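The structure displayed is predicted, hence computed values, not measured ones. What you see below is based on every heavy atom in this structure, not just the backbone, and it leaves out hydrogens, waters and symmetry mates. We count residues from 1, following the sequence as given.
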Amino acid sequence: MKRRDLDSLFKKNGWWFLRSGGNHDIVTDGIHKEVLPRHKEINERLARAIIKKWDLK
């Protein structure tokens, strides 16, 4: 999955960028945080697990 597709899915569900780490970005919804790898292409299994974990539509 493309990184920008996952970013837009988080934004559409009310999440926003919090900060950058060394190799990852952190997004939040104000309560929860999720660490996203900073790669152009994110492993499909990882992307599906993150989407399922936060029930993103």
Side-chain angles (χ1 to χ4, degrees):
M1 173 178 250
K2 296 281 185 192
R3 167 65 192 265
R4 66 176 178 257
D5 295 338
L6 191 57
D7 282 340
S8 64
L9 190 58
F10 270 102
K11 282 185 180 181
K12 192 168 78 171
N13 284 276
W15 292 64
W16 64 90
F17 174 81
L18 181 63
R19 65 181 176 88
S20 302
N23 295 317
H24 296 79
D25 289 335
I26 291 90
V27 293
T28 183
D29 65 353
I31 300 169
H32 305 98
K33 294 179 187 172
E34 182 63 42
V35 179
L36 302 175
R38 199 180 304 130
H39 302 290
K40 287 184 180 185
E41 193 72 32
I42 296 176
N43 183 305
E44 199 63 38
R45 291 178 68 189
L46 174 62
R48 277 185 286 170
I50 292 171
I51 291 169
K52 183 178 179 180
K53 177 181 177 181
W54 298 111
D55 195 31
L56 301 177
K57 303 290 182 207

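Remark: Ile50 CD1 to Ile42 CD1 distance equals 6.0 Å, nearest 0.5 Å. Taken to the nearest 0.5 Å, the CZ atom of Arg4 stands 9.0 Å off from the CD atom of Glu41. Once rounded to the nearest 0.5 Å, the distance linking CG of Leu6 with CZ of Arg48 reads 13.0 Å.
No more than 12 heavy-atom neighbours from other residues, nucleotides or ligands sit within 6.0 angstrom of CG on Asn23.
Summarising the geometry of Asp5 relative to Met1, their closest heavy-atom pair is CB-CG, 4.3 Å, with the distance given to 0.1 Å. The two atoms that bring Trp15 and Leu56 nearest to each other are NE1-CD2, 4.1 Å, heavy atoms only. Closest approach of Arg38 and Ser20 over heavy atoms only: NH2-CB, 3.5 Å.
Counting only heavy atoms from C-beta outward, the side chains of Trp54 and His32 approach each other to under 4.5 Å. In this structure, the side chains of Ile51 and Leu9 come closer than 4.5 Å at one or more pairs of heavy atoms. Side-chain contact between Glu34 and Phe10 is present, with at least one heavy-atom pair separated by less than 4.5 Å. Between Lys57 and Asp55 the shortest side-chain heavy-atom distance falls below 4.5 Å.
Remark: Asp7 engages Arg3 in a side chain to side chain donor-acceptor pair (under 3.5 Å) (not counting sequence neighbours).
Checking Thr28, Ile26, Asp25 one by one against Phe17, the side chain to side chain contact (heavy atoms under 4.5 Å, CB included) holds for a single residue, Asp25.
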